[in-house]
Engineer: 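Sharing a structure below in structure tokens format, with a few things to ask.
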Amino acid sequence: MAENESLKPAAEFKGKKRLGDFLFDTELITRDQLKRALAEQKRLGKKLGETLITLRIVSEHALAQALSTQLGYPFLDLNATVIEPDIVMAIPESLAKKHFALPISLENKTLTLAMVDPLDYEAIRDLGFSSGFRIHPVIATRKDILEAIERYYDLNASVESIVQETAQDYDESLLQIIPEINPTATDAQSLEERSRLAPVVRLANLMMTKAIKLRASDIHIEPFQRDFRVRYRIDGMLKEDLRLPKWIQGALISRMKILGKLDIAERRMPQDGAVRVRSDNREIDLRLSTLPTQYGEKMVIRVLDQGRVVVSLDSLGVSPKNQSQIRALLRRKQGIILVTGPTGSGKTTTLYAMIHALRDEVTNITTVEDPIEYNLEGINQVQVNADIGLTFAHCLRSILRQDPNVILIGEIRDLETAEIAFRAAMTGHLVLSTVHTNDAPSTITRLIDLGVPRYLVASLVMGVIAQRLVRCVCLRCKTVMPPPVESLVSLKIPLDSVKTASFYYGKGCSYCNYLGYQGRMGLFEVLEMTPRLRDLVMTGAAEQDLRSTALASKMAALGEDGLAKVKEGTTTIEELLRVIEVREDLRTFCPKCGQSIHIDFQVCPYCAAPVTHNCQACGKPLQPEWIICPYCRHRIADAPPSDSSK
């Protein structure tokens, strides 16, 4: 290529100080340390910067910052930088390791490279010639660059090698003639043969291994017109990992179908399958689900790690108050306890933890699930199979003749299942199940809408547990942050009430995959059916009345539990706002005692301090930073004088 445009003439730096003098002038090293380093540099024949690091006179980070200031090149923290995998492949791994350089971004044919020494003209010329782009260097530490090279190149090199091998063993024309509807036996046989090719097998194994390593709950293989992508759901959030050529799609999907004992010739109808694999001496269950789409089959693989199942209430993030209420409910000998929340909110895990708390040698526990997600030792678990008529209702009729003490029903989704569940509770059994609703009080309304008589709901429902899952701040990169003003204002939380509180977030590190979050915990609200609530259910009270009565008793709303966890530093307000959609669930803090209270309260019930957020004159809502009501021009108490109030 032509002479690299990023190379700067030596004259540009002629007037700048030498590195040693610059470090001395900025008081990073002493004169004696400089003399010692220069003597060692002369003996070893290394650069002064390397010698200073070897002698531990300055750290890599401090040296990189100094070079950035001295030379005018930006300093880049690679641990907090997201790099697209395709960009990394602009430079071969061998050259990246040789010159301690890593591609960061590409724009207008200019490749930004993180380098230890941005004045290494030979390296810049070599990298520019190899990539075909102009080079724009930025500064990073040697340690960060080497770690990033290992992190980014290992996976991409593996995928690139697999894709190339697959391309060599595979004739693209074969895939083009496979019809999307009603494939022939010959087509299916050809596809099966390709799915057993070693490169395809390695690609499938690589995909599953990485999902397990990243603690992903799901793998999404999604087809598009010209390619397909692989995404992982980690801590409830989807993250794209790979984009691969279209011609690998059919072979990869077929490989997974073979593992899950599915029909690879059937691509017109959805299919479900399962396979068990072993990784690091752990058994992992994979649940496969296919769905025909416009550009081919989409597959979602649920990853169920038997070694990571949460089997105790303590490890779910249940507060002591809520845990005490749940354990009190579990001591009941009959009745129904329901867990509610949207899909993916951890309801089944909570049921398993409750079963674990009830399990002993004198209790007969039977579950009916679809599917059985985790195997529990000493529990009779039944898998629903609708294809042969083994439904929830059919299973329950038989279970009642098996002398159970506790029955777990995966989900109450229709009147038939609800009727049998309530009948079981009426005849002396403790029934645990789930219902899809947004909060605990609305579960009562949902059961009545299904057709369950009010008197049965009032007499047999012992309690309802509503929950959500929030991501936890990564403990390894957890750091204090300033109060998130915008989020606090959106929740109507006075800034004065949290000015002494600490807020935390994760900067991002290799442990949390640079997301700032690691793992999840639950937010809970526990509704106990009190005599007053039973009366309201019998008289047909509105859902809001049920909620108000529950809040006036022992129930702490989801938002209250979430704000408590924010104050503890285990999650963030942004994460709380992401998972809680009902604004009424969110509470505020008392500006005097710091207790979490309902947002509509005018006075704190704990210390009697005024906490109103409405104008005393017109009653309109006010924002914490306002000094005058914009609706009626009433001056807000304790506000400084202002001409606008005249």
Side-chain angles (χ1 to χ4, degrees), residues 235-237 310 313-326 339-347 349-350 353 437-443 464-475 478 480-481 483-495 497-498 501-506 515-527 547 550-551 554-591 593-601 604 606 611 613:
D235 292 334
M237 302 292 286
V310 178
L313 292 171
D314 295 328
S315 52
L316 290 176
V318 186
S319 68
K321 174 185 175 183
N322 285 337
Q323 192 170 151
S324 175
Q325 290 180 273
I326 293 173
V339 181
T340 185
T343 301
S345 59
K347 299 186 295 297
T349 302
T350 300
T437 56
N438 286 329
D439 55 19
S442 62
T443 304
V464 183
I465 304 166
Q467 70 178 79
R468 298 288 191 278
L469 288 178
V470 292
R471 294 179 292 172
C472 301
V473 176
C474 176
L475 295 177
K478 182 177 180 179
V480 179
M481 65 174 287
V485 176
E486 292 186 5
S487 299
L488 293 172
V489 170
S490 70
L491 297 179
K492 300 181 182 178
I493 297 177
L495 298 183
S497 69
V498 295
S502 297
F503 294 86
Y504 296 87
Y505 78 105
L515 297 175
Y517 296 95
Q518 227 287 341
R520 288 190 290 177
M521 67 188 310
L523 305 181
F524 299 88
E525 66 178 18
V526 182
L527 181 152
R547 182 169 189 79
L551 288 171
K554 294 182 179 180
M555 190 180 83
L558 284 167
E560 181 177 353
D561 194 29
L563 286 175
K565 289 178 170 62
V566 170
K567 291 184 70 175
E568 293 169 3
T570 54
T571 189
T572 63
I573 281 189
E574 289 76 15
E575 183 68 5
L576 181 62
L577 288 171
R578 183 182 69 84
V579 300
I580 295 183
E581 300 175 0
V582 184
R583 186 55 56 89
E584 304 88 75
D585 284 345
L586 296 172
R587 295 194 164 199
T588 185
F589 297 121
C590 171
C593 67
Q595 289 283 352
S596 175
I597 58 177
H598 197 274
I599 204 167
D600 292 333
F601 287 0
C604 174
Y606 299 99
V611 291
H613 308 297

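Heads up: numbering here begins at 1 and tracks the sequence.
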Engineer: Is there a side-chain contact between M555 and R547 (heavy atoms, below 4.5 Å)?
Structural biologist: yes
Engineer: What's the shortest heavy-atom distance between L558 and A466, and which atoms?
Structural biologist: CD2-O, 3.7 Å
Engineer: Give the C-alpha distance, both sets of side-chain angles, the deciding distance and a yes or no for salt bridge (charged side-chain N to carboxylate O under 4.0 Å, His left out) between E568 and K565.
Structural biologist: CA-CA 5 Å; E568 293 169 3; K565 289 178 170 62; 5.8 Å; no
Engineer: Looking at every heavy atom in both G346 and L469, which two are closest together, and how far apart are they?
Structural biologist: N-CD1, 3.8 Å
Engineer: Could you state the interatomic distance from OH (Y505) to CD (E574), rounded to the nearest 0.5 Å?
Structural biologist: 11.0 Å
Engineer: Using a 4.5 Å cut-off on heavy atoms from C-beta on, say whether the side chain of K321 contacts that of V526.
Structural biologist: no
Engineer: For K478, give me all partners under salt bridge (Lys or Arg N to Asp or Glu O under 4.0 Å), at least two apart in sequence or on another chain.
Structural biologist: none
Engineer: Look only at the side chain of Q467 and the backbone of S345, and say whether a donor-acceptor pair between them is shorter than 3.5 Å.
Structural biologist: yes
Engineer: For L527, is there any backbone N or O sitting under 3.5 Å from a side-chain donor or acceptor partner on Q325?
Structural biologist: no
Engineer: What I'd like to find out is whether the side chain of V480 reaches to under 4.5 Å of the side chain of Y504, using heavy atoms alone.
Structural biologist: yes
Engineer: Is there side-chain contact between I465 and F524, with heavy atoms separated by less than 4.5 Å?
Structural biologist: yes
Engineer: Flag the pair L515 / D235 as yes when at least one side-chain heavy-atom distance between them is below 4.5 Å, and no otherwise.
Structural biologist: no
Engineer: With T571, which residues qualify under side-chain hydrogen bond (donor to acceptor under 3.5 Å, both in side chains), at least two apart?
Structural biologist: none
Engineer: Test side chain to side chain contact (heavy atoms under 4.5 Å, CB included) on T570 and V473 and set out the steps.
Structural biologist: CA-CA 6 Å; T570 54; V473 176; over 6 Å; no
Engineer: Flag the pair M521 / V470 as yes when at least one side-chain heavy-atom distance between them is below 4.5 Å, and no otherwise.
Structural biologist: yes
Engineer: Do T572 and V566 have side chains that get closer than 4.5 Å, going by heavy atoms?
Structural biologist: no
Engineer: Got a donor-acceptor contact below 3.5 angstrom from the D561 side chain to the L523 backbone?
Structural biologist: no
Engineer: Please examine the side chains of C472 and E575, heavy atoms only from C-beta on, and report whether any two atoms are closer than 4.5 Å.
Structural biologist: no
Engineer: Test of understanding: with side-chain hydrogen bond (donor to acceptor under 3.5 Å, both in side chains), list the residues that count as partners of T437, not counting sequence neighbours.
Structural biologist: T340, T443
Engineer: Can any side-chain N or O of E525 pair as donor or acceptor with the backbone N or O of A440 at less than 3.5 Å?
Structural biologist: yes
Engineer: In Å, rounded to the nearest 0.5 Å, how long is the span from CZ of R468 to CZ of R578?
Structural biologist: 11.5 Å
